[in-house]
Amino acid sequence: MSEIRVRFAPSPTGYLHVGGARTALYNWLFARRMNGVFILRIEDTDADRSKPELTTAILESMEWLGLNWDEGPFHQSDRLDRYRTLASELERSGHAYPCFCTPEDLQAKRSRVTGGRPWKYDGTCRNMPDEERQMRLAAGVPHVVRFRVPESGETGFEDMVFGLITVENQEIEDFVLLRSDGQPTYHLGVVADDMDMRVTHVVRGADHISNTPKQILVYRASGANLPVFAHLPLILGPDRQRLSKRHGATSVGAYRDQGILPEALVNFLALLGWTPPGGEEILPLEAMSQQFDLAAVSKSNAVFDPEKLAWMNSQYLRALTMDRLVPLVEAELKLSGIESTIIDSHPKFEETVTMLQPRMRTLKDFSQGGRAFFTDAFEYAPDARKKFWKDPAIAGFLQDLAGRLEKLDSFTTEITEATLRGLTEENGIKAGLLINATRVALTGQSVAPGLFDVMKVLGQKRTVERLQRAGKYLRESGANPA
RNA sequence: GGCGCUAUCGUCUAGGGGUUAGGACGUCAGAUUCUCAAUCUGAAAACCCGGGUUCGAUUCCCGGUAGCGCUACCA
């Protein structure tokens, strides 16, 4: 039948945040599921706050997430004539009227309203005698165009997510369609564009629910068919407040910078408000697009849980093949200013990454906890020193071990392990004591992959050097390094 | 304040007139003993409150409460 057409319409007044990203995602999923068209539109009619570079950033984030669009990006700023035309048509048909009240007038009236009484545009210009209106217009008095909202009846719609929503028309004020500078407001812009772009389903945040009746009025006044509306519950911060800068990372780019994979973020966001019929948690974009159902979207707001995102990221990280993971790790190291000085070959790099992969949660972990695998410039973490370098005899053992390892002809995990265990037996100490101490010496961390795998990856020369360096460090810093 | 919307473990959610109210993250405990940010096993943890309908409500209805949204010449 008729083609399904949806759109994502961000305004370039900020970066793409996770809420917007989920809205984009749900639009994308719905379009794919229905074999429809996904349109991208930039709502840049707020000339003061819109910035072109933010448009670029939003587009980049969309691409990074893998949310490709079929049409656009369209810019509202390119379509100003269209909005003006629509506004004057509405004026001609009596659905709108010029309003000469200045922002200052309005502000004054508003502040005069006492004690919490609701303010609604008082209709000064709505009821203006026609001659006066013509006179002012002829005199070129600056004005906005307001919509003439019916004073009785109600306006409602059947929301795909929320069900029936109705509002008394008396509750709706005569909102502005066209600003005095000729720029359209949101209400005029969306409706004109959604009509012209033949959008069949408007999928957007629940913060637009209250706006919807106004827009429906405009659709009707324009003689256009209504799209289907589907509002999405909001994403909140841990304090249940709407996500904002106060909550730290809220933009898609910030998560990319934290080493989150796009597929993990997408999967996580999708599950904030929707569950597939089978209840799967790990569900790639492809699988989602075959099961997604707007009608199954939750009605209640969701708190964004970074912990679960991190877990999900670890799941995707583990599943990555080397041909994808290696470049990502390389990029991360570069970003963190780490020159991979200790790895001289590609197979070696892969071996290292493979070893680290199962225990990393984000790409950042490779350059942080995993730092010592890529460069000699690492430090001993205080908690690791405190935990595993307590024993004053450690320094001696580390140097002893260095000596023994240095003499080995073969440096397999079996042989290095036998060497270390031999040393501990001779000295009557527990193997774990030296293993853990050695781990700190080799990686600077208390947490790392199996020690003998670490040795193997580092190689004999570097292992010995690091043991000596640690022994020296311990002697110089005294018996109690902690 | 007005209007609108929402309400199941700490969080994301499944479910739905009779269920041991299910799963996931997190938390806790145990296993592993070479660390854990790995792995395995297990545990604790929820139907906002009050009425009504009903043989029976967490589920349906009403009210309350709470939260969120809108209340701009922002979107």
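All chains are named by letter (A, B, ...) in the order of the sequence lines, taking the proteins before the strands, and each is independently numbered beginning at 1.
Distance check on atom P: G23(B) versus G15(B) gives 15 Å, rounded to whole Å. A46(B) and C25(B) have their C1' atoms separated by 15 Å, with the value rounded to a whole Å.
Spacing between atom CG of L236(A) and atom P of A66(B) amounts to 18 Å, rounded to whole angstrom units. Between the CG atom of D207(A) and the C1' atom of C70(B) there is a distance of 9 Å, rounded to whole Å. One interatomic measurement links the two molecules: CD of E154(A) to C1' of G4(B), which rounds to 13 Å at whole-angstrom precision. Per the geometry, CE belonging to M312(A) stands 12 Å off P belonging to U13(B), to the nearest Å.
Under the ring pair (Phe, Tyr, Trp, His ring centres under 6.0 Å) test applied with Y26(A), the options F292(A), F8(A), W274(A) reduce to a single match, F292(A).
Taking a cutoff of 4.0 Å between a charged side-chain nitrogen and a carboxylate oxygen, D193(A) and R7(A) do not qualify as a salt bridge. A salt bridge does not link E414(A) with K456(A): every distance from a Lys NZ or Arg NE/NH1/NH2 to an Asp or Glu carboxylate oxygen is 4.0 Å or more. In summary, R359(A) and D365(A) do not engage in a salt bridge, as defined by a charged side-chain N under 4.0 Å from a carboxylate O.
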Counting primed atoms, P, OP1 and OP2 as sugar-phosphate and everything else as base, the B/S/- map of nucleotides 29-35 of chain B against protein heavy atoms under 4.0 Å is -----BB

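At U11(B), one or more side-chain N or O atoms of R240(A) fall inside 4.0 Å of OP1 or OP2 (strictly under the cut-off). Applying the 4.0 Å criterion to OP1 and OP2 of C68(B), one finds that S300(A) has every side-chain N and O outside that range. Phosphate proximity of G26(B) to R361(A): present, with a side-chain N or O under 4.0 Å from OP1 or OP2. Of the side-chain N and O atoms in R242(A), one or more sit less than 4.0 angstrom from OP1 or OP2 of C70(B).
Within 6.0 Å of the CD atom in E53(A), the count of heavy atoms belonging to other residues, nucleotides or ligands exceeds 12. Within a 6.0 Å radius of OH in Y15(A), other residues, nucleotides and ligands contribute 12 heavy atoms or fewer.
Of the candidate nucleotides C70(B), A24(B), C5(B), C5(B) has the atom lying nearest to any side-chain atom of I165(A). Comparing atom distances between the E171(A) side chain and each of C3(B), C12(B), A14(B) picks out C3(B) as nearest.
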Can you tabulate the close N/O pairs, meaning under 3.5 Å, that link protein atoms to atoms of nucleotides 44-48 of chain B?
none

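In summary, the side chains of Y97(A) and D174(A) do present a donor paired with an acceptor at a separation below 3.5 Å, with no hydrogens or angles considered. A donor and an acceptor atom, one from each side chain of D44(A) and S77(A), are located under 3.5 Å apart.
Pair assignment for U6(B) gives A66(B), based on Watson-Crick or G-U wobble hydrogen-bonding distances that are each under 3.5 Å.
Across every non-hydrogen atom of R41(A) and E43(A), the tightest pair is NH2-OE2, 2.9 Å.
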